[in-house]
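Small disclaimer: the values here were computed from a predicted structure and weren't measured. Order of the sequence lines fixes the chain letters, A, B, ..., with proteins taken first and strands second; residue numbering starts at 1 for each chain.
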Protein chains: 2
Amino acid sequence: MHKENNLSKNQQIIFDLINKSSEPLKAYTILFNVQKKGIKAPPQVYRALDKLVQTGKIHKIESKNAFVACRSSSCEISKATAFSICESCEMVDEISDAKLTKYLSSFSDKKGTKYKRFNLEFFGLCKKCK
Amino acid sequence: MHKENNLSKNQQIIFDLINKSSEPLKAYTILFNVQKKGIKAPPQVYRALDKLVQTGKIHKIESKNAFVACRSSSCEISKATAFSICESCEMVDEISDAKLTKYLSSFSDKKGTKYKRFNLEFFGLCKKCK
DNA sequence: TTAAAATTTGTTATAATATAACACTATGTA
DNA sequence: TACATAGTGTTATATTATAACAAATTTTAA
Ligand SMILES: [Zn+2]
Ligand SMILES: [Zn+2]
Ligand SMILES: [Zn+2]
Ligand SMILES: [Zn+2]
């Protein structure tokens, strides 16, 4: 019986919470919300988050220290992430743009160096806030 | 006598330190290194950092919670920042690439929304580490 | 020049984010 | 089975960042 790509109990609880959320969740907000399910301490949350990030189920929004579920068809297990972030309402959307992904994935700097991963964060006002 | 775009004493001390550094500096590393100059507490460091970021003299590397001096001719007071980050030696370089800046500054998402600022971080191995 | 306004500083305390370390349990593999 | 790998629970602590308040300095403009 080989291992399916299944999540462990804590990983599933935390993924479900993030996946249902319409906004990025912070680690301690997550902790507070899963305490009734038996997850009581920060390391339990951070370990699950680490694993979910590694496997591309969620992403960390670095400028906010918060986490969102992956919604992209082109991020390719987190090698190529792009987000739009509203500076007014804090809403975050993952950008799925094959052309953008291709452009950045093939980018090479002035020394000709190519990179194996990127993370891009756009800031502005979302449709609702404009 | 109008205000030149000069830095205050603490701002200058902290900028000099970051500017001389060949690697990103963290806030508490900075604090430790400027204590002999009379800057004794975290708020003094964070206030100077905030101001230096606002004025585009330095940038925060979000994935590392660390700060580097601006070295770009095309970041336009931090509206368009791009960095390469070595996953082995932790080296960070600001990318100055007019074409990249132009491409991303004019990017609009599927709803036609444009953004006023972006931050891009590339990850890989630097020349030395390859 | 002088008084109000804005900025910067110094200081103490505390909030928010993240990891170390260790003992133990569950699951996958041979 | 037995070994390895991954996940869990727990306590303590490290790291990053801000709140709040008083004082000093610099800028602006009457
Ligand atoms: Zn994704
Ligand atoms: Zn908004
Ligand atoms: Zn710059
Ligand atoms: Zn390197």
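Taking B/Phe83 as the reference, B/His59 meet the ring-ring contact (aromatic ring centres under 6.0 Å, His included) condition, with sequence neighbours excluded.
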query: Can you check side chain to side chain contact (heavy atoms under 4.5 Å, CB included) on A/Leu52 and A/Leu7, steps first, answer last?
result: CA-CA 9 Å; A/Leu52 291 166; A/Leu7 301 179; 3.9 Å; yes
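Note on B/Lys60: only backbone sugar-phosphate atoms sit closer than 4.0 angstrom, heavy atoms only; bases stay farther off.
Put simply, the side chain of B/Ser78 does not reach to within 4.5 Å of the side chain of B/Arg117, judged on heavy atoms.
Between A/Ser8 and D/dA6 there is no side-chain N or O to OP1 or OP2 distance below 4.0 Å. Contact annotation: A/Lys9 side-chain N/O to D/dT8 OP1/OP2 distance is not under 4.0 Å. Phosphate contact (OP1/OP2 of D/dG7, side-chain N/O of A/Asn10, threshold under 4.0 Å): absent. Dashed line: the shortest gap from a side-chain N or O of A/Lys51 to OP1 or OP2 of D/dA6 is not under 4.0 Å. Contact between the side-chain N/O atoms of A/Asn65 and the OP1/OP2 oxygens of C/dA18 is found at a separation under 4.0 Å. Distances shorter than 4.0 Å separate some side-chain N or O of A/Lys26 from OP1 or OP2 on C/dT17.
Per the geometry, CD belonging to A/Gln11 stands 13 Å off P belonging to C/dT27, to the nearest Å. Whole-Å rounding puts the A/Glu62 CD to D/dT16 P distance at 14 Å. Note: CG (A/Asn6) to P (D/dA6) measures 15 Å, nearest angstrom. Look at CD1 on A/Ile14: it is 12 Å from C1' on D/dG7, rounded to the nearest Å. Between the CZ atom of A/Phe67 and the P atom of C/dT17 there is a distance of 10 Å, given to the nearest Å.
The structure places OG of B/Ser84 at 11.5 Å from CG of B/Leu125, a figure rounded to the nearest 0.5 Å.
Residues B/Lys36 and B/Asn33 come closest through the heavy atom pair NZ-O, 3.0 Å. Shown here for A/Ser96 and A/Ser72, the closest heavy-atom pair between the two residues is OG-OG, 2.8 Å. Contact detail for A/Asp109 and A/Lys111: the closest heavy-atom pair is OD1-N, 2.9 Å.
Ring orientation note: the planes of B/Phe118 and A/Phe122 are nearly perpendicular, at an angle over 60° on the 30°/60° scale.
Over its full length, the helix from C/dT1-D/dA30 to C/dA30-D/dT1 turns its helical axis through 50°, comparing axes from the five pairs at each end and rounding to 10°.
Heavy-atom distances under 4.0 Å link DNA chain C to A/Pro42, A/Pro43, A/Tyr46, A/Arg47 of residues 32-49 of chain A, given in residue order.
Partner of B/Lys64 under the salt bridge (charged side-chain N to carboxylate O under 4.0 Å, His left out) criterion, out of B/Glu90, B/Glu23, B/Glu87: B/Glu90 alone.
Evaluation of B/Tyr28 against the base of D/dT15 yields no stacking contact (centre distance < 5.5 Å, interplanar angle < 30° required).
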